[in-house]
Amino acid sequence: MSAQSVDDALVAALARASVERAAPEELPLFRATSTAYFENPAALEQRRSRDEMLGFGVDAAVMLVTPVALAVAKDVIEFIGTQLRARAEKEGEGAIDRVLNRLLRRDEKEAASPEPAGVPELTDEQLEQVRALALEKAKQLKLSDAKAELLAESLVGSLATA
Amino acid sequence: MSGVGSTEPTESAAPPRPRLNPFVFPSETTFRFGLLVTAVLGASLYVWNWISTVVADPAEEVAEFRACFVLSPLVTGVTDVDEFSAASDAFTACLNAANRDVLWWMLGGTAGLVALTIAFVLAAPRWIERRRRLEPLTEEEAPAVRARLRELVREAGLDEEPRFLWNPLDQTATGLAYGYAGTYSVALTGGLVIRQIADPPAFDAVVRHELAHIRNRDVAITYATVALWYAFLVAAVAPFFLTLLDDGGDGLSNLSWRVVALAALVYGTRNSVLRSREVYADVRASAGEGRRGGLRRVLGSLRKPVGGVFARLRRLHPDPAVRLAALDDTRPLFRFSPLVAFGSGVAATIAYENVVTLVSFFVDDPIDMRFVAALAFAPFAVGIVGYGIWRATFAAVAEGGTGIPTVKIGLALAAGFLVGPELSLAQFIVTDDDALLASLLRGNDFPWGAALVLGLVLFSGWLGTVASYWARSLGDRRPQIPAFLTLLAGSAVLSAFMGVFYVARDTREAIDFSTKGSALQHAAVAETAWAGPVWLWQALLDPAFLVVAQRPFIPPALALLCAVPLAAVLVGGGRRDGVTDWAFLDPGGQLRPSRLGLDVVRPLAIGLGAGLAFWALLLVLRFSLHNGVSAETRATDAFLLSFYFWTLVLALAAQLAAGALAAFLSRNPNRLVDALAAGFVAGSLATLGIVGGPSVASCIDPIALNPAPCAWTVSASFSWDVFRQVVAQGALGSLAGGGLALGLRAWLDRRRADELSAAGVPG
């Protein structure tokens, strides 16, 4: 994780928090999966190669939550960044950093440390926008409806309790 | 886990039968690949032969060949035998030198195709790893997964652990074994690795399947098959079409459909190689996990493929239902489809002429060159058909049967042998008259077509007999080595058959010419002595027939035909029927081979009797001629030739009678084998009588044709010629006699049944 940029670390933290709730069985492989994802995020959406037909013969994809969670988290973080930048114009640049730091500390198990004063919260409306965005992205990545719902809820829950 | 079906094994009332072990015999994959390689290389030889003619300077070629023709003995007009021979050698050497460039083009182009194939195979692992974005699956990343993989490798019995790589972002739950010996690797997907946690049986099933590919040694074959296909397109089909663009018109259309047919054959064979290996990998994997492991559930979750026949031929994986069925009962894997025999026949003959062309650069004799070329194809054709028959026979014998019917297999193989040459690229430059199938469709060459079909039906029947005799005689002992050795013998027999058949047909015009000469010879002899009907004279003494009948490989082939089935008696004495772990994948299996009381003595004794009868008749004939024909007449060449002719007739009759009697009195399942064996023994003894007669008779005046006290000897080379002729022609005689006896016996059996039926006795 040390080699990751702050943005990647943030995405990984948010995705991990979501996976913990939506697909805890995938957690042992989360680190390896996220590393592969950040090396080439586009790989997730690329088509399978033909030589896979020489494999076992399973052509139905088993949708893993982790890669989808990472992709969704990336979009969500970008969305939140945009939202917070708008608020920063009113409340100052430090607001963004405070939110990001809070998310990062959560990932690093430092959530118990004292909360800095004046951290901006996401509004209910923004959280609903995040949920809709996550749901759409997860479905776009072919996650089943049930799992997409679960992932979106988990993600919003992670943000709401961050 | 999503994507995994919920098919659960159902409890049935009756316990399932133990599954027969399909790994007792080599899988078809290897032989199909071998046939694919020979067909592709043969086609490549033709393509590069063609290209060499396209790029060559016609004027230069004509000049070279003109220079050669000047050396021809027909042009130089030499009459002395030695000078004629020297001129002929010089002419042949000149032609070979002129054609040397063609040889290099053929070998060079084909070597290029092979090199490209090897390059593709070597590059495949890196290509796969790059395309699939694979990275090593490390202990640090997934310690539990690595630990389980080690256990599965140990369970699979692999000597060396393959590399395990993965792509965590790959959503599918699948694996892929790739590489070649020493560099085997298994690619896992993220979707599969997560199953090690969420659904361990499903993870185990897929990994076991991939490890089974390595254990079955079909991974390198798989990638070589795919590589061969692409190399064929790049290094043969593409340059061929490029050269054809200049030709245009009829040439292009005439050749295009043949290239398409050839490509379709290669493509279809490739796909069948890839499909057949999957079922064997499933079965191997299921042996590790038992009948109720995760593999069944994973296969049950696969989608049923859609589409018609063409879609099925394009598929690289078998229908999941077929894969599932093989887990329940492996017996369907032991069946042999006539369609496979047909494909083997096509593949074995489609490039045969091209290989003959190559061999012609090294072997002068036209029959020998065809025999050598056949050796390149026959082992693979026999490997597929022979092992198919062995496998099916083994399964039948295991359950108390005696064997399998082989007529359809023989007919399918013969159909393949008829269709294959039609698809050959070589047909582009020869007349349609040379293609047997086309000729048959025009109503010509029926005897040739009948000979081919009958020969291959009999050969398939012989393979079935061999498998049945040996499988039943072996009892609970493993059949691998006998199967291998008997099929090796079968390859030699098929090579001999192909060599003889194709050259005999090729020389049919020469036969027409030759028989005119032998008819004149018959007429000349008939002026001095009785020479019998002209057709019989020609059948036994025409040079065109003799040059085929006296091939040195025919007697060994005939000896194999007789000895290989009957030699099963040598292992029959020690058979034990009991529980056999090697023959079944599950415990509790029991082989139930039916007893085979093979009687070898009877046909050999009949042959011996017929041979001795020949000796007796020969003595009578010599005595009669000594006393009934004047010494002057007996001293003429015409009389001696006539006498030799009648000894051959007598030998043929002895073999025919031996074959008929042996078949009629036989107690063995295949009476024609007995007929052949009896005929072979009778022919061998008859040869001794023919070549030993002059020496013996010259010492015993009452049976001497010409007085020369103990002075006549017969050279070893002539004796060898006589032996080859007598047993080759006698084999046809003994088969004919055996066939007649079978017909008579069947007629008698039917009449007896009718009589019993009329008398009201239950049959």
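The structure displayed is predicted, hence computed values, not measured ones. Protein chains get the first letters and strands the later ones, always in sequence-line order, with residue 1 at the start of each. Side-chain atoms are counted along with the backbone in the values below, which use heavy atoms only and exclude waters and symmetry mates.
- Enclosure of atom CD in B:E139 by more than 12 non-hydrogen atoms of other residues, nucleotides or ligands within 6.0 angstrom is indicated.
- How far OG1 of A:T33 is from CG of B:D170: 11.5 Å, rounded to the nearest 0.5 Å.
- The two residues B:I197 and A:P28 make their nearest non-hydrogen contact at CD1-CG, 3.8 Å.
- Taking CD of B:Q196 as the start and CG of A:L29 as the end, the distance is 9.0 Å to the nearest 0.5 Å.
- Pairing each heavy atom of B:L169 with each of A:P67, the nearest pair is CD2-CB, 3.9 Å.
- Taking every heavy atom of both residues into account, A:N40 and B:R133 meet most closely at ND2-NE, 2.8 Å.
- With rounding to the nearest 0.5 angstrom, the CD atom of B:E141 is 7.5 Å from the OG1 atom of A:T35.
- Scanning all heavy atoms of the two residues, the minimum distance from B:P168 to A:A32 falls at CG-O, 3.9 Å.
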